[in-house]
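The structure appears below as structure tokens.
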Amino acid sequence: MGRVALVTGAARGIGLAIATRLVEAGAHAIIHDRDAAAADAAVADLRGRGLSATPLIADLAETSAPTAMAAELKANGIEPDIVVLCASVEMLETWDVVSEAAMAAQTAINLHATVRLLRAFLPGMLARGFGRVIAIGSVQEARPNATHFYYAATKAAQTNVILNLARTTQVPDVTFNVIMPGAILTDRNRAALAQPGRERQVLARIPLGRIGNPEDCAGIALLLCSPEGSYINGAEIAVDGGLRL
């Protein structure tokens, strides 16, 4: 592949699975996270397997973080061809109790940081004539649960940003797509699925009869970054095992 992929929130879960698949295909992965120890551990594991990766530590809640990230990478001669927007904040609150803090935190990362990252890295892609932007959305955008009232709204807004760019950016080899995971067994979801009866309830809605793994999202990301996926632009791809309402 020979590309450079910046994956945000990549120290674990879906982000790490996507970064791993991309480096296995020959990309250099920039493992971003705000947790320095976790990012360093992920990079050490990849390097131990002979794969190419670099850590990048930044808190996307800070408005200056994307600009600082771009400056740090450029100083080291690194400019991403691929940006995977995986970092997010998910707070489960219904409409009647959603707090100001929860709204602010989810908006800051899920929406505002998306725009700031695009402003930091998209100009370089456009100038070089190649780029892949992939946002990790959620099936909650179209099929929200009551507890995901505000989270789903921010992810839907993020998707709108990506689709807007897919339809208005006219550079032949720069694409914008959204992967929408359903029930995926990540650290974030493990506690919720451990609640009495919850996993059984979720499985009843999934025709494939199993909870997804982070790796189930990685193959789609690899396709979107490959020559075979170069004509896919403005797609919303659900990875949900055929989730039913």
- Message: Can you confirm whether the side chains of N145 and T147 place a donor and an acceptor under 3.5 Å from each other?
- Response: no
- Message: Whether the side chain of T154 engages the backbone of Y151 through a donor-acceptor N/O pair (distance < 3.5 Å, no angle test) should be reported.
- Response: yes
- Query: What's the shortest heavy-atom distance between A39 and D33, and which atoms?
  - Reply: CB-CB, 4.1 Å
- Message: Among L163, N164, L165, V83, which residue satisfies the side chain to side chain contact (heavy atoms under 4.5 Å, CB included) criterion with F176?
- Response: L165
- How long is the span from the CG atom in D45 to the CG atom in D40, to the nearest 0.5 Å? 12.5 Å
- Between V139 and G182, the two heavy atoms sitting closest are CG2-CA, 3.6 Å
- Message: Taking CZ in R200 as the centre, count heavy atoms belonging to other residues, nucleotides or ligands within less than 6.0 Å. Is the count above 12?
- Response: no
- Query: Backbone N or O of S99 within a donor-acceptor pair of the E93 side chain at under 3.5 Å?
  - Reply: yes
- Task: Take R21 and E24 through the side-chain contact (heavy atoms from CB on, under 4.5 Å) test and state the conclusion after the steps.
- Result: CA-CA 5 Å; R21 186 65 58 85; E24 288 173 343; 4.0 Å; yes
- Among V239, I18, N177, I232, which residue meets the side chain to side chain contact (heavy atoms under 4.5 Å, CB included) test with I220? V239
- Task: Would you confirm whether T186, through its side chain, and G13, through its main-chain N or O, come within 3.5 Å as a donor-acceptor pair?
- Result: no
- Query: Does the Q201 side chain pair with the main chain of G197, one donor and one acceptor, at a distance under 3.5 Å?
  - Reply: no
- Under 4.0 Å between a Lys/Arg side-chain N and an Asp/Glu carboxylate O for E90 and K155? no
- Which heavy atom of L46 sits nearest a heavy atom of A53, and at what distance? CD1-CB, 3.8 Å
- Within the distance-only criterion (no hydrogens, no angle test), does the side chain of N110 pair as donor or acceptor with the backbone N or O of S88 below 3.5 angstrom? no
- Message: If you compare all heavy atoms of L222 against all heavy atoms of A25, which two are closest, and at what distance to 0.1 Å?
- Response: CD1-CB, 3.6 Å
- Message: Under a 3.5 Å cutoff, is there a donor and acceptor pairing between the side chains of T159 and E141?
- Response: yes
- Query: L16 and A42: which non-hydrogen atoms are nearest, and at how many Å?
  - Reply: CD1-CB, 3.9 Å
- Message: I'd like to know whether T63 forms a side-chain contact (heavy atoms from CB on, under 4.5 Å) with H112, so could you lay out the CA-CA distance, the side-chain angles of the two residues, the decisive distance to 0.1 Å, and finally the verdict.
- Response: CA-CA 8 Å; T63 59; H112 292 172; over 6 Å; no
- Would you check if there is a donor-acceptor pair between the side chains of T114 and Q158 at a distance under 3.5 Å? yes
- Item | Distance (rounded to the nearest 0.5 Å) between M69 CE and L60 CG | 5.5 Å
- Item | I30 and E72: CA distance, side-chain angles, deciding distance, side-chain contact (heavy atoms from CB on, under 4.5 Å) verdict | CA-CA 12 Å; I30 303 162; E72 179 178 340; over 6 Å; no
- Note on the structure: Taking every heavy atom of I184 against every heavy atom of C217, the minimum-distance pair comes out as CD1-SG, 4.2 Å
Output a table of donor-acceptor pairs, distance under 3.5 Å, between side-chain atoms of residues 115-138 and any protein atom two or more places apart or on a different chain; print 'none' if there are none.
residue, atom, partner, partner atom, Å
R128, NH1, E79, OE2, 3.4
R128, NH1, G124, O, 3.3
R128, NH2, P80, O, 2.7
R132, NE, L224, O, 3.1
R132, NH1, D173, O, 2.9
R132, NH1, D173, OD1, 3.4
R132, NH2, D173, OD1, 3.0
S138, OG, Q140, N, 2.9

- Item | Short side-chain to backbone donor-acceptor contact, R34 and A61, under 3.5 Å | no
